Amino acid sequence: MRAVFGIVLLCCTLHAQATPNEKDAVALAEKGAQFVRAHGKAEMIVRINRKDPEFNQGTLYLAMRDMDGITIAHPTTALIGKNLLDVPDADGKPFRQEMLALARGKGYGWVDYKFRNPQTGKVEAKSTYVLRVGDVALEAGIYKH
C-alpha cells in the first residue's frame, strides 16, 4: 500500500512541476522580448509560427499581436492575420480588447478569460501575461486547474 501511495505522490509531484505557472509565462514573454530586441520582430514571427520549442512548450506558448489587434504570430496558424478583438470568450468577455488595452497602456499585465486548451480540447480558465515590445504585444498564457 505504501508503494502505491508513493507512486501516486511521485506522479502528482511530477505533474505539478510540469504544469506551467505565472512565473513561467512571464519568463517566456521576457525571453521573447529579449529575442525581438536582439534579432528583430520578423525573426520572432517566424519562430512562433513554426512552433519553435524555445517559444512553444505545449500549453505554454508565445503569441504576438500588433497594436491594431491583428494576430501576427501564433502556433495556431488559422489565427494569423485576423483581428479577433470583438470575439469574446465563452463567458462573453472581450479579453483580446483587454490585452490590447494593457499593451497600449502600462505595457504589461495579466488578463483572465476562457480559452480552448490545445491538450484537452476543452474550454478552460486561462490567464495570459501581455508584454509590449515596440509596436507589438507578446502574449504567454497558462491554464488554471
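These numbers come from a predicted model, not from an experiment. Numbers here simply count residues along the sequence, with the first being 1.
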task: Look only at the side chain of Gln97 and the backbone of Leu85, and say whether a donor-acceptor pair between them is shorter than 3.5 Å.
output: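 Such a contact is found between Gln97 side chain and Leu85 backbone.
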
task: Ignoring hydrogens and angles, tell me if any N or O in the side chain of Thr120 forms a donor-acceptor pair with the backbone of Lys122 under 3.5 Å.
output: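 Between the backbone of Lys122 and the side chain of Thr120 there is a qualifying donor-acceptor contact (under 3.5 Å).
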
In residues 103-112, what donor-acceptor pairs under 3.5 Å come from side-chain atoms, sequence neighbours left out?
from, atom 1, to, atom 2, distance (Å)
Arg104, NE, Met67, O, 3.2
Arg104, NH2, Met67, O, 2.5
Asp112, OD1, Ser127, OG, 2.6
Asp112, OD1, Lys144, NZ, 3.4

Minimum heavy-atom separation for [X] to [Y], with atom names?
X	Y	answer
Asn117	Thr59	OD1-CG2, 3.4 Å
Thr128	Gly141	OG1-CA, 3.4 Å
Ala33	Val133	CB-CG2, 3.5 Å

- prompt: In chain order, what residues pass the salt bridge (charged side-chain N to carboxylate O under 4.0 Å, His left out) check against Lys51, with sequence neighbours excluded?
  reply: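 None.
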
Pairwise side-chain contact, [X] with [Y], heavy-atom cut-off 4.5 Å (strictly under):
X	Y	answer
Leu138	Val130	no
Ile70	Arg65	no
Tyr129	Glu22	no
Asn56	Leu62	no
Arg47	Glu54	yes
Ile72	Ile80	no
Met64	Met44	yes
Asp66	Asp135	no

Do [X] and [Y] sit in the same hydrophobic cluster, where Ile, Leu, Val, Met, Phe, Trp and Tyr count as joined when their side-chain heavy atoms come under 4.5 Å apart?
X	Y	answer
Tyr113	Ile142	no
Leu102	Val136	no
Phe55	Leu79	no

Euclidean distance, [Y] [atom2] relative to [X] [atom1], rounded to 0.5 Å:
X	Y	atom1	atom2	answer
Leu100	Asp68	CG	CG	8.0 Å
His39	Gln34	NE2	CD	10.0 Å
Arg50	Thr77	CZ	OG1	15.0 Å
Phe35	Ile48	CZ	CD1	9.0 Å

field: Gln57 and Asp24 side chains, donor-acceptor separation under 3.5 Å
entry: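 Judged by distance alone, the side chains do not pair up.
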
Salt bridge check, [Y] against [X]: does any charged N sit closer than 4.0 Å to a carboxylate O?
X	Y	answer
Asp86	Arg96	no
Lys93	Asp91	no
Lys114	Glu124	no

message: ring-ring contact (aromatic ring centres under 6.0 Å, His included), that's the test. Do Phe115 and Tyr143 meet it? Break it down for me.
response: CA-CA 9 Å; Phe115 202 73; Tyr143 289 90; 7.2 Å; no

message: Using side chain to side chain contact (heavy atoms under 4.5 Å, CB included), reason through Lys82 and Thr71 one step at a time and then give a plain yes or no.
response: CA-CA 6 Å; Lys82 296 194 171 133; Thr71 303; 5.5 Å; no

message: Checking Lys126 against Asp89 for the salt bridge (Lys or Arg N to Asp or Glu O under 4.0 Å) test, could you report, in this order, the C-alpha distance in whole Å, the side-chain angles of both residues, the deciding distance, and whether it holds?
response: CA-CA 10 Å; Lys126 186 171 184 177; Asp89 74 353; over 6 Å; no

